[in-house]
Amino acid sequence: MNSIFGNYKNDLSFDQTKIDQLIQLGNDIKEDVVSQLIELHFATSEICLNDMENELKELNFSKIKSTVHKLKSSCGTLGLNRLHSLCDGLENYIAQNKAQMFLVKTYVDCIAFEYNDTKKYLWQWNKIKVGA
Amino acid sequence: MIESIKNILVLDDNKNDLLMAKFVILRMGFNPILIEKSSDLIATLQMNQISLIVLDLDMPGFSGIDVLKKIKRVPSYKNIPIVMLTGNSDSANVKSAISFGAVDYIVKPIDPMIFESKIKKLIQTNVPAVKKNWIEYEIKRAKDTEIKLNVFANLYSIGEMGLTLKVHQSLPVGLTFFSDAPLFSQLEIKQPPLKVESCKQYEEYCLVQCSMMGLSESDLKKLRLYNQLLMSKEAS
């Protein structure tokens with residue numbers, strides 16, 4: 001896992017400026033934008049991670065590519081830059097059509113690890129109880 | 001006369017992006033209409049007066065390009081401006097979306113500022129139908145004859161969303177073309193589509209401001225670094 005993570009060490013795990021932009025957006029439209037986006041991110045990401053685990057067992061790389069593509073977008077929106085880059089990396093790696101099981105699995109493990117690690121950043125912004 | 005609130009239709013299979021698009025469209029004072037399946041598109045277009053469509057390129061089943069072609073085939077909908085939304089900024093996808101009639105391109109993740117500025121500009125620009133056809137003609141012509149603008153255009157400045165070219169002749173606002181300027185190949189950025197936003201006379205040249213479409217986050221990073229390098233060179 002370290003070899004993959006090494007490629008993404010320069011990416012911020014959490015980019016606060018993205019959340020600041022969303023807070024401003026929420027203030028402008030008088031809605032709790034941040035909480036709604038985080039709640040949906042947790043709900044959809046958990047499904048994506050489970051799907052990826054199953055697709056990995058089935059060795060279905062094209063499905064993994066499509067699932068990781070779904071996960072990628074909300075990571076970028078919420079400023080989870082490293083997670084976004086990892087998803088992008090896996091998507092591009094599979095797109096080259098030379099993907100090896102070992103590396104795909106390592107990527108999936110890294111994504112799951114980084115996802116769990118980023119929860120702490122998002123929880124502080126989320127007024128809705130998540131995963132309780 | 002009371003003007004009704006304009007409807008903006010967003011078609012994307014990703015719930016997160018739909019929600020984000022909804023918030024930004026609400027801030028712009030427009031009404032978001034959100035759909036997840038391309039099969040709901042025609043019914044939605046029939047039931048609502050749509051001013052602009054934001055269309056996801058990477059959808060399972062019917063791709064964004066298929067949907068784009070379908071809309072452009074229907075005479076009553078073909079003039080609705082369509083902006084493509086994608087996380088995959090492959091220049092081949094950008095080229096084909098533009099050649100099939102998309103007016104612009106937004107790269108995911110949605111950045112509220114970029115999304116807002118692009119959509120607002122398109123909604124506020126009331127391009128007459130004749131001019132629209134003319135732009136389409138220019139795009140087709142550029143595609144057929146591979147006009148090499150870098151032969152006579154010099155790069156004047158470059159930012160994250162656009163660049164300014166120093167050109168010996170004026171270029172029409174709205175013209176979309178693909179640049180193969182050496183800078184892009186040096187930075188390993190695949191020919192980004194450029195759209196002329198303004199053209200001003202400057203001494204014996206024209207300064208042509210172009211917006212860049214379809215750049216990925218990694219392309220933007222390269223441009224930022226390139227600009228930082230330029231600035232540090234100038235400072236020293």
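Sequence lines set the chain letters: A, B, ... in the order given, protein chains first and strands last, and positions in each chain run from 1. A quick note: this is a predicted structure, and the numbers were derived from the prediction, not measured.
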Do [X] and [Y] come close enough that some side-chain heavy atom pair is under 4.5 Å?
X: B:F115; Y: B:F23; answer: no
X: A:L71; Y: A:M52; answer: yes
X: A:E46; Y: A:Y115; answer: yes
X: A:L80; Y: A:F14; answer: yes
X: B:I71; Y: B:I80; answer: no

Exercise. Any salt bridge between B:D66 and B:K70, counting N to O under 4.0 Å?
Worked result: no
Problem set entry | Residue among A:G76, A:S85, A:A95, A:C75 with most heavy-atom pairs under 4.5 Å to chain B | A:G76
Seminar exercise, completed: Greatest number of non-hydrogen atom pairs under 4.5 angstrom with chain B, of A:L22, A:L25, A:D88, A:T77, falls to A:L25
For this session: Find the distance between CG (B:N31) and CD1 (B:I5) and round it off to the nearest 0.5 Å.
Result: 6.5 Å
Problem set entry | Residue A:L78 versus chain B: region with a heavy atom under 4.5 Å | neither
For this session: Check each atom of A:D11 against the heavy atoms of chain B and say whether the ones under 4.5 Å are side chain, backbone, both or neither.
Result: side chain
Exercise. A:E55 and A:T67: side-chain contact (heavy atoms from CB on, under 4.5 Å), yes or no, with the steps?
Worked result: CA-CA 9 Å; A:E55 288 153 5; A:T67 308; 2.9 Å; yes
Exercise. Mind checking which of residues 33-51 of chain B sit less than 4.5 Å from chain A, heavy atom to heavy atom?
Worked result: none
Exercise. What residues of residues 10-20 of chain B sit under 4.5 Å from chain A when only non-hydrogen atoms are counted?
Worked result: B:D13, B:N14, B:K15, B:N16, B:D17, B:L19, B:M20
For this session: Evaluate side-chain contact (heavy atoms from CB on, under 4.5 Å) for A:T44 paired with A:K70, printing each intermediate quantity in order.
Result: CA-CA 9 Å; A:T44 53; A:K70 275 188 204 167; over 6 Å; no
Exercise. Between A:L90, A:L86, A:L49, A:V68, which is the residue that forms a side chain to side chain contact (heavy atoms under 4.5 Å, CB included) with A:V108?
Worked result: A:L90
Exercise. Are the side chain of A:N54 and the backbone of A:D51 linked by a donor-acceptor contact shorter than 3.5 Å?
Worked result: no
